[in-house]
S.K.: 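The structure is given below, and queries will be raised subsequently.
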Amino acid sequence: MLGEIFATLFDVIVPLALPVIAGVLLSRFGKLEIKPLLNFVLYYITPFLIFDTLMEARLSREDVYLTVAYSLLNLILLAVAANLFGKLLKLPANDIAGLTLISSFTNSVNYGIPLTLLAFGQLGLEKAAIYIVMQMIMMHTLGIFFAARSHFTVKNAMKSVFALPAIYAVLLAIVLRTFDLTLPGGLSTGISMIADSYPPIVLAILGAQMANVKTESITRNTRVTFWTGMSMRLLIAPLIALLCLTLLNIEGIMFSTLLVLSCMPVAINAGILAEKFNASPKVLTKTILWTTLLSFFVLPILIVLVK
């Protein structure tokens, strides 16, 4: 068991750590500007990543139905729980929005993909692909709504969803898959090339955000929201995931992959949206940092237990 845990740490964490370290160094010594990179990721790379993932994923009807049902049920329960805790603790609207992002979205793309491939092989990755696609879709639709509603009306928050190109990438991919259409080889290759640049860039952004964590002021609301968010992601989210998997009678390798992906650290894109829409970005940065660091020890153990 210990051998498997150390193998997972070495084979997965070391490659992922390199761009994070680069981001830390660039922030400390190169004065890296994060906000231009956030817009670069949101408006350029993310739409291509979503489109490419949707077009390339090998989907079975049963897997799609179960995973979509699980993703939606899990998201609803997490969002409801986050809002209930936020209101009970009398947090301001932007902190409740941040808490919802922390609870609802995991780092299942740049961290989850290599981790799943290592732990469960190609079959596990194929099962995980549907959940990963759903996370990306929900992040750039409902996630934008959750973040923007902290200071927008519902109507303006919905406008923010359709102001970003990711939603149109989703719609285009769905239309092409529905009618069994494909893009010309050169165009498809170009899209895949852009999509492949996503992980190192967002991991470098994470490193730059991590480098700035200690210099940010901490208010009472920040502390309360931070510890509530950590509890949601590390304790309550796994329990809700188990409940949803049990209710939907999901078993086997799909159970294992969905549970592990649901226990991933806070999504980097949640921090990107929090920065863009002022949904408690300091809290998001801290929870991304600490859930990521703790995941290096927690996830390998979880993988060994569920395999």
Side-chain angles (χ1 to χ4, degrees), residues 35-57 59 64-65 67-76 78-79 97-98 100-110 112-113 129-183 187-188 190-199 201-202 205 261 266-279 281 284:
K35 287 190 176 180
L37 282 176
L38 299 180
N39 286 329
F40 183 75
V41 170
L42 280 174
Y43 287 94
Y44 175 53
I45 300 178
T46 298
F48 285 102
L49 174 69
I50 291 177
F51 180 83
D52 186 62
T53 305
L54 281 172
M55 292 298 293
E56 295 297 326
L59 307 175
V64 171
Y65 291 155
T67 309
V68 169
Y70 169 79
S71 300
L72 293 174
L73 178 60
N74 191 49
L75 179 73
I76 291 170
L78 288 170
T100 306
L101 290 174
I102 291 167
S103 305
S104 303
F105 301 106
T106 65
N107 193 357
S108 57
V109 181
N110 40 43
I113 289 174
I130 305 166
Y131 176 81
I132 291 167
V133 169
M134 283 298 299
Q135 278 280 300
M136 288 190 292
I137 292 172
M138 294 187 300
M139 167 65 74
H140 293 93
T141 52
L142 294 173
I144 294 170
F145 175 77
F146 291 156
R149 72 188 177 95
S150 64
H151 56 283
F152 287 171
T153 63
V154 172
K155 181 179 179 180
N156 287 335
M158 290 303 297
K159 285 182 179 179
S160 297
V161 172
F162 289 94
L164 294 176
I167 184 64
Y168 302 104
V170 171
L171 296 175
L172 178 59
I174 290 173
V175 170
L176 292 177
R177 290 297 297 260
T178 300
F179 293 99
D180 199 23
L181 300 174
T182 57
L183 295 177
L187 186 58
S188 179
I191 291 172
S192 296
M193 183 174 64
I194 297 170
D196 289 342
S197 68
Y198 178 91
I201 292 177
V202 294
I205 292 173
L261 288 172
V266 179
I268 295 174
N269 270 4
I272 292 175
L273 292 178
E275 286 275 2
K276 184 171 181 63
F277 296 106
N278 193 32
L284 263 293

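All of these numbers come straight from a predicted model, not from anything done at the bench. When a residue number appears, it is its place in the shown sequence, counting from 1. Scope of the values below: all heavy atoms of this structure, side chains included, with no hydrogens, waters or symmetry mates.
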S.K.: Would you indicate whether the side-chain heavy atoms of R177 and L54 approach each other to under 4.5 Å?
M.R.: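 Side-chain contact under 4.5 Å: no.
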S.K.: Determine the minimum heavy-atom distance between I130 and V64, stating which atoms define it.
M.R.: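 What the structure gives for the nearest pair is CD1-N, 4.1 Å.
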S.K.: Do T46 and M136 have side chains that get closer than 4.5 Å, going by heavy atoms?
M.R.: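 Result no, sub-4.5 Å side-chain heavy-atom pair not found.
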S.K.: Report the residue from T141, V175, I137 that forms a side-chain contact (heavy atoms from CB on, under 4.5 Å) with V170.
M.R.: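 That would be I137.
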S.K.: What residues, two or more places apart in sequence or in another chain, satisfy side chain to side chain contact (heavy atoms under 4.5 Å, CB included) together with A270?
M.R.: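 A270 satisfies side chain to side chain contact (heavy atoms under 4.5 Å, CB included) with L101, M139, V266, A267, L284 once adjacent residues are dropped.
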S.K.: Between S104 and Q135, what is the shortest heavy-atom contact and its length?
M.R.: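 Heavy atoms of S104 and Q135 come nearest at O-NE2, 3.8 Å.
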S.K.: Could you state the interatomic distance from OG1 (T182) to CG (L187), rounded to the nearest 0.5 Å?
M.R.: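 It is 10.5 Å, given to the nearest 0.5 Å.
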S.K.: How many angstroms lie between CD1 in I205 and CD in E275, if you round to the nearest 0.5 Å?
M.R.: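 Interatomic distance, I205 CD1 to E275 CD, rounded to 0.5 Å: 10.0 Å.
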S.K.: Do the rings of F40 and Y44 sit parallel, tilted or perpendicular, given the 30° and 60° boundaries?
M.R.: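 F40 vs Y44 ring planes: tilted.
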S.K.: Looking at L261, is its backbone amide N or carbonyl O close enough to the side chain of T106 to form a donor-acceptor pair, meaning the two atoms are under 3.5 Å apart?
M.R.: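 Looks like yes, one N/O pair under 3.5 Å.
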S.K.: Determine whether I45 and S197 make a side-chain contact, defined as any pair of heavy atoms from C-beta on separated by less than 4.5 Å.
M.R.: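 Yes - at least one pair of side-chain heavy atoms lies under 4.5 Å apart.
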S.K.: What is the distance from atom OG1 of T100 to atom CG of L75, rounded to the nearest 0.5 Å?
M.R.: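 If we round to the nearest 0.5 Å, T100:OG1 and L75:CG are 9.5 Å apart.
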S.K.: Please round to the nearest 0.5 Å and tell me the distance separating atom NZ of K276 and atom CG of N39.
M.R.: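 So the NZ of K276 and the CG of N39 are separated by 4.5 Å.
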S.K.: Between L181 and M55, what is the shortest heavy-atom contact and its length?
M.R.: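 Closest pair (atom of L181, atom of M55, distance): O-CE, 3.7 Å.
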S.K.: Taking all heavy atoms of P165 and all of Y43, pick out the closest pair and write down the distance.
M.R.: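 Heavy atoms of P165 and Y43 come nearest at CG-O, 3.5 Å.
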S.K.: Quick one: pull up CG in L37 and CD1 in I201 and give me the separation to the nearest 0.5 Å.
M.R.: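 L37 atom CG to I201 atom CD1 measures 7.5 Å (nearest 0.5 Å).
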S.K.: Under a 4.5 Å cut-off applied to non-hydrogen side-chain atoms, are N269 and F105 in contact?
M.R.: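 Counting from C-beta outward, N269 and F105 never come under 4.5 Å.
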S.K.: Using atom types as modelled and distance alone, determine if a side-chain donor or acceptor of S103 lies under 3.5 Å from a backbone N or O of A79.
M.R.: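 No, the answer is negative, given that no donor and acceptor are paired below the 3.5 Å cut-off.
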S.K.: Would you compute the distance between atom CD1 of I268 and atom CG of N107 and round it to the nearest 0.5 angstrom?
M.R.: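 It comes to 4.5 Å.
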S.K.: Below 4.5 Å, heavy atoms only, C-beta onward: do D52 and F48 meet side chain to side chain?
M.R.: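 No, their side chains stay 4.5 Å or more apart.
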S.K.: For side chain to side chain contact (heavy atoms under 4.5 Å, CB included), just list the numbers for L273 and F146, CA-CA rounded to whole Å, side-chain angles, deciding distance to a tenth of an Å, and then say yes or no.
M.R.: CA-CA 9 Å; L273 292 178; F146 291 156; over 6 Å; no
S.K.: What closest approach, in Å, do A279 and A97 show between heavy atoms, and which atom pair accounts for it?
M.R.: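 Between these two residues, the closest heavy atoms are CB-CB, 3.9 Å.
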S.K.: Tell me the closest heavy-atom pair linking T53 and V133, and the distance in Å.
M.R.: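 Result for this residue pair: CG2-CG2, 3.2 Å.
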